[in-house]
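This report concerns only the one structure given below.
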Amino acid sequence: MESNASAPGKVILFGEHFVVYGVKAILCAINKRVIVRAEKIKEKKIYIKSNIGDLILEPNKPISEIDSPLKPFYYLANKLLQTQNQTTGIKIIVESDIPIGVGLGSSSACCVAGAAAISGLFVKTSKEEILKLAISAEKTIFQNTSGADCTVCTFGGIMEYDKKNGFTKIKSEPDFHLVIANSNVKHSTETVVAKVKQFKEENEIRFSSLCNDESKLVEDVLKLLSDNNIKELGQKIIQNQEYLETIGVSNKKLRDMIQVGQKSSFGAKITGAGGGGCIFALTDESNLEYSIKQFKDKNYECFSVKIDFKGLDTF
Ligand code: MEV
């Protein structure tokens with residue numbers, strides 16, 4: 001018997017970094033997916049095959065002893081073999097079209113699709129339960145995850161999130177395209193977050209005023225999203241990028257990419273931690289192809305995405 005699941009990646013549209021200090025952020029799922037196929041096997045092994053390598057281990061190894069980016073899959077398979085009292089093994093095949101390690105939610109999508117595919121071998125599980133399992137798997141790699149990424153990968157669409165109130169799905173379904181350009185510079189979220197903390201400590205008043213500005217901007221964005229006002233949303237993206245520049249998470253390469261995006265679309269900004277990773281440019285049908293061409297002409301790796309409203313899918 002085979003159990004299959006897929007889950008989307010994500011971008012942070014507004015509010016990265018400021019969210020760490022209590023400001024609301026807005027995230028959306030994107031139509032790039034991870035597909036996970038799970039199968040029970042007679043052999044007492046957990047066998048994981050992916051385009052970044054394979055991991056083959058016996059069950060019941062301590063998770064702290066496993067040094068592999070595929071660790072969350074092992075954790076999930078082992079946990080389900082244990083809770084379901086199984087003495088057999090599991091084979092897992094992972095296919096992904098989400099670039100890895102550049103802030104597009106690849107690891108969260110793996111955890112969500114992995115939790116659904118593996119638990120589907122044994123029991124029917126609600127999306128809420130899958131999400132809990134996925135977050136526990138993600139914690140094997142990022143102990144301090146807020147859970148925001150796994151949530152948007154599970155439920156799809158657009159979501160607002162703040163530390164105090166958690167997640168609320170935004171009902172509007174705006175019809176925009178994002179052109180994502182990849183700097184191909186791997187970044188450590190932890191390092192960039194620490195740099196912002198230092199900026200905050202050295203500029204308390206300035207930082208607090210930026211947090212207020214970002215909160216106000218996000219409230220304006222929520223209205224613009226419900227009106228599908230893409231041009232004004234672009235202005236808010238440009239404004240948000242200025243705040244990110246001020247706190248020092250941009251660099252020359254990202255600025256060059258953002259300039260291409262801002263000249264060819266309604267607005268462009270960093271998505272995620274910055275320091276590397278990706279930027280996005282907001283477009284609709286009128287400027288999508290033009291924007292892609294501008295990035296490609298300057299040899300930047302780019303692709304377009306739309307919002308994914310489906311979230312986790314099992315089949
Ligand atoms: C990273 O994708 C987003 C940050 O806001 C960090 C976080 O929210 O944990 C930079």
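Given the structure is predicted, the values throughout are model-derived calculations rather than measurements. Just so you know, residue 1 is the first one in the sequence shown, and it goes up from there.
Between the side chain of S208 and the backbone N or O of E204, no donor-acceptor pair lies under 3.5 Å.
Connection of I141 to I130 is not established within any shared hydrophobic cluster, with ILVMFWY side chains joined at heavy-atom distances below 4.5 Å, either directly or through further cluster members.
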E201 and K197: CA distance, side-chain angles, deciding distance, salt bridge (Lys or Arg N to Asp or Glu O under 4.0 Å) verdict: CA-CA 6 Å; E201 283 164 5; K197 184 165 181 269; 3.3 Å; yes

Carefully, step by step, assess D213 and Y243 under the rule side chain to side chain contact (heavy atoms under 4.5 Å, CB included). CA-CA 9 Å; D213 293 345; Y243 302 155; 3.4 Å; yes

Assess whether side chain to side chain donor-acceptor pair (under 3.5 Å) is satisfied between Y75 and S136, documenting all intermediate values. CA-CA 9 Å; Y75 166 87; S136 64; 3.2 Å; yes

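Counting heavy atoms of neighbouring residues, nucleotides and ligands inside a 6.0 Å radius, atom NZ of K310 does not exceed 12 of them. By the 6.0 Å contact criterion, NZ on K306 is enclosed, its count of non-hydrogen atoms from other residues, nucleotides or ligands being greater than 12. The 12-atom threshold is not exceeded at NZ of K132, counting heavy atoms of other residues, nucleotides or ligands nearer than 6.0 Å. Taking a 6.0 Å sphere around NZ of K127, one finds it holds more than 12 heavy atoms contributed by other residues, nucleotides or ligands. In R206, the CZ atom is not crowded: 12 or fewer heavy atoms of neighbouring residues, nucleotides or ligands sit closer than 6.0 Å.
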Could you tabulate the donor-acceptor pairs under 3.5 Å formed by side-chain atoms of residues 93-107, not counting sequence neighbours?
unit_1	atom_1	unit_2	atom_2	d
S96	OG	I98	N	3.0
D97	OD1	R33	N	2.6

Validation: residues 76-85 side-chain donor-acceptor distances under 3.5 Å, sequence neighbours left out:
unit_1	atom_1	unit_2	atom_2	d
N78	OD1	N60	N	2.8
Q82	NE2	N60	OD1	2.9
T83	OG1	K79	O	3.0
T83	OG1	L80	O	3.4

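Side chains of Q239 and Q235: a donor-acceptor N/O pair is absent below 3.5 angstrom, by distance only.
By the 30° and 60° cut-offs, the orientation of the rings of Y161 relative to F167 is parallel.
Here the CZ atom belonging to F14 is positioned 9.0 Å from the NZ atom belonging to K236, to the nearest 0.5 angstrom.
A salt bridge is defined here as a Lys NZ or Arg NE, NH1 or NH2 lying under 4.0 Å from an Asp or Glu carboxylate O, and E232 with K223 fails to meet this definition.
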